[in-house]
Amino acid sequence: EFTDMTGRKVNLERNITKAFGASPPMSAMLYMLAPNKMVGKNYEFLEIEKKFMLSQMINLPVLGGFFGGGGSGINSEKLILAKPQVIFLWDSMKNMSDKYEKDFAKFNISSVYLKQESIEDLYESINLTGEILGVQKRAEKLVQIGKENINLVQEVVKKQKFTPKIYFAQGLDGLQTQCENERFFDVAKIAGAKNIHECKNKSNRPRIDLETLYAYDPDAIFVREEAFFEELKNYDGSKVKLSYLGLISEKESEVGLVHLGAVYLAKCDKGYLPVAAEETKGLEWKSFDELRLIKKELWSDLALGFLEKN
């Protein structure tokens, strides 16, 4: 019998040979400790992710999972057919996974909840998972390596002469972010950085506007989405001058009733053109004369008015 990290008593078989992580953090834990015991993955990996993975992990069936932003995407039927002896669940997803526990139990599948809200939680969850899977020595070694590396980083931080400002870019446009005290920021905080976005009310992936990001002027941006990363990588700020032209505020359209628009002019050096984002790749360049003749939505007409004045 084991006690999971929510205080639940769980009866488990002695020799666990099949396990499933019901969310990406849990799967990462299993992959780190005992990849040969995994029966499935949560989603189909990106090509860039596959470069760093064992082939046995890449070829596992997709069984879904419980995700923070997207709710439950678990495929119960496929999961039960995969016959894991234990499922590792993230405690923050408990409100979604609760109703599945009894169904899993009918097929002799035990559920274990783990916490990962802090580095200390991570150490504890590694040790508990290692004990359950029969790889305690490996778990202890990984925890030891983790602590040694963090101690090394903290010694370097003591000699640091400035605190870099970090922005966490989430979402395809990079305008969703993370709050100061969330688990995602733990590693950067230990490394001596400051999260530039301070939340008044803790929320999952709060959204900011582009003007706020410009005002933050971060020293580094940590990017989650590959498409946004590629967009940033191909952008050379020294070759682009961005100037504020004005605000769009109108009550004639449905958009105008609930939105306020900011118009900026980007002037690029001759011969330089930033690589377009995925959602704008079909757009074409037009002259002012051509734009005047094209039928446009109201906001495009208003923005064009600002440009003609400048």
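As a basis for the values below, the full set of heavy atoms in this structure was taken, side chains included, without hydrogen atoms, waters or symmetry mates. Heads up: numbering here begins at 1 and tracks the sequence.
No side-chain N or O of T163 forms a donor-acceptor pair with one of Q160 less than 3.5 Å apart. A side-chain N or O of S27 and one of N42 form a donor-acceptor pair less than 3.5 Å apart. Residues Q85 and T17 bring a donor and an acceptor atom of their side chains to less than 3.5 Å of each other. E148 and Q144 share a side-chain donor-acceptor pair at under 3.5 Å.
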**Request:** Carefully, step by step, assess D91 and R8 under the rule salt bridge (charged side-chain N to carboxylate O under 4.0 Å, His left out).
**Result:** CA-CA 11 Å; D91 75 306; R8 294 165 60 257; over 6 Å; no
**Item:** Worked verdict on T6 versus D4 for side chain to side chain donor-acceptor pair (under 3.5 Å)
**Value:** CA-CA 6 Å; T6 62; D4 72 11; 2.8 Å; yes
**Prompt:** Between E47 and K50, does a salt bridge (charged side-chain N to carboxylate O under 4.0 Å, His left out) hold up when you go through it step by step?
**Reply:** CA-CA 5 Å; E47 290 303 316; K50 292 178 182 178; 3.2 Å; yes
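Ring geometry for F168 versus F222: interplanar angle over 60°, hence perpendicular rather than tilted (30 to 60°). By the 30° and 60° cut-offs, the orientation of the rings of Y216 relative to Y167 is tilted.
Taking NZ from K241 and SG from C268, the interatomic distance works out to 11.5 Å, rounded to the nearest 0.5 Å.
The cationic atom of K147 (NZ for Lys, CZ for Arg) lies less than 6.0 Å from the six-membered ring centre of Y123 and within 45° of the ring axis.
No side-chain donor-acceptor contact under 3.5 Å links Q170 to the backbone of Q176.
For the pairing with I126, the side-chain contact (heavy atoms from CB on, under 4.5 Å) check across D121, L114, L33 returns one residue only, L33.
Residues satisfying the side chain to side chain contact (heavy atoms under 4.5 Å, CB included) criterion with E155, sequence neighbours excluded, are K158.
A salt bridge links D173 with R207: the distance from a Lys NZ or Arg NE/NH1/NH2 to an Asp or Glu carboxylate oxygen falls below 4.0 Å.
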